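Working notes, structure below.
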Protein chains: 2
Amino acid sequence: MRYSHQRERIFRAVSERCDHPTANMVYEQLKVEMPRLSLGTVYRNLNQLADAGRLKKIPLADGSCRFDKTKESHSHIVCDECGAVSDVHLPSFESFEQAIESETGYELRTYDVVLRGVCKDCRACMDQQAG
Amino acid sequence: MRYSHQRERIFRAVSERCDHPTANMVYEQLKVEMPRLSLGTVYRNLNQLADAGRLKKIPLADGSCRFDKTKESHSHIVCDECGAVSDVHLPSFESFEQAIESETGYELRTYDVVLRGVCKDCRACMDQQAG
DNA sequence: ATAAATAACAGTAATAGTTACTATGTAGGA
DNA sequence: TCCTACATAGTAACTATTACTGTTATTTAT
Ligand SMILES: [Mn+2]
Ligand SMILES: [Mn+2]
Ligand SMILES: [Zn+2]
Ligand SMILES: [Zn+2]
């Protein structure tokens, strides 16, 4: 994979933020400083970076994709109200793997565990409105 | 919700199969006997049935949705090769919930755990091809 | 039983997220 | 410096799904 200025900026953008941005969020951020950048380029490069193992792609159930600077296997929790995506540590999820493989006959490759709920901020908002 | 012939047939179609069909799979099955049925009607009714709690909606990471006759919370495993969706029992996943809520500050609503791997049949195929 | 109200329908257009295409530009090696 | 492959911007196409529009069917009221 040959060097490109755009790709490195896209990589840095994801690496420097903790909110698991979408392609469009990266595009909106970068186009301020790079007015000629196109959304297609962002998508293409994010996927290339994920294929190359420099980023992790997290496809969510709503059809959108998030990109993650953390490459190691870990789980996520999504706020149903504001859409925020946060990391969550699932203790000893790995211990299930053996049992699952023998129960299902599947050879397990990956697991993308996405929990859903309401974040602290949104709970506060909702309580205020209700109260 | 008022009775409709179409809705009951759509409900029965999902109830009678174990492969977690998509809206389109239900449509393909039913249109043979109901030539005037439309895909939009299938989508609308599957979502209504899910909202009413008569079916469970399982949005997958690839953007497609599966519908499940089993309404209780349970997890799924998807074959990366053939796309098959099977049930899988995750022992004591519930025991994590408390820990997750205090770690993240989220109020947990649901978890749609989708594992991915290769099913027994597809493994056999792949082994054969490899020789 | 008939008629009025309205929920559901079929058909089609629109949408969102993403990928593919095409012509132009640029990185990096000979 | 010049070549070639890869990257780009801009745009069209795509897939799964939802929304719109005029028609039909189910329910309720007479
Ligand atoms: Mn993460
Ligand atoms: Mn199931
Ligand atoms: Zn929130
Ligand atoms: Zn398979």
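Just so we're on the same page: letters track the sequence lines, and every chain starts at 1. What you are looking at is a predicted structure, and each value in this text was computed from that prediction instead of being measured.
Between B:Gln6 and D:dA25 there is no side-chain polar atom (N or O) within less than 4.0 angstrom of OP1 or OP2. Between D:dT26 and B:Ser4, no contact under 4.0 Å exists linking OP1 or OP2 to a side-chain N or O.
Within residues 21-50 of chain A, the residues having any heavy atom closer than 4.0 Å to DNA chain D are, in order of number, A:Arg36, A:Leu37, A:Ser38, A:Thr41, A:Arg44, A:Asn45.
D:dA16 atom P lies 14 Å from atom CZ of B:Phe67, rounded to whole Å. Per the geometry, CG belonging to A:Asp51 stands 12 Å off P belonging to D:dA7, to the nearest Å. Atom NE2 of B:His5 and atom P of D:dT27 are 13 Å apart (whole Å). Nucleotide C:dA8 holds its P atom 12 Å from the CD1 atom of B:Ile10, rounded to whole Å. Look at CD1 on A:Ile58: it is 17 Å from P on C:dG17, rounded to the nearest Å.
Aromatic pair A:His20/A:His76: ring centres closer than 6.0 Å.
Distance from the side chain of A:Arg2 is smallest to D:dC6 among D:dC6, D:dA16, C:dT6. Side-chain proximity of B:Tyr3 to the nucleotides D:dT26, D:dA9, C:dA10 is greatest for D:dT26. Among the nucleotides C:dT18, C:dA10, D:dT18, the one closest to any side-chain atom of A:Cys65 is C:dT18.
Here the side chains of A:Glu97 and A:Tyr111 are in contact, with some heavy-atom distance below 4.5 Å.
Across all non-hydrogen atoms, the minimal contact from B:Lys71 to B:Gly53 is CD-O, 2.8 Å.
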Test log, rule side chain to side chain donor-acceptor pair (under 3.5 Å), inputs B:Ser15 and B:Arg12: CA-CA 5 Å; B:Ser15 299; B:Arg12 266 181 40 212; over 6 Å; no
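No side-chain N or O of B:Gln48 forms a donor-acceptor pair with one of B:Arg54 less than 3.5 Å apart. Of the N and O atoms on the side chains of A:Thr41 and A:Tyr27, not one donor lies less than 3.5 Å from an acceptor on the other residue.
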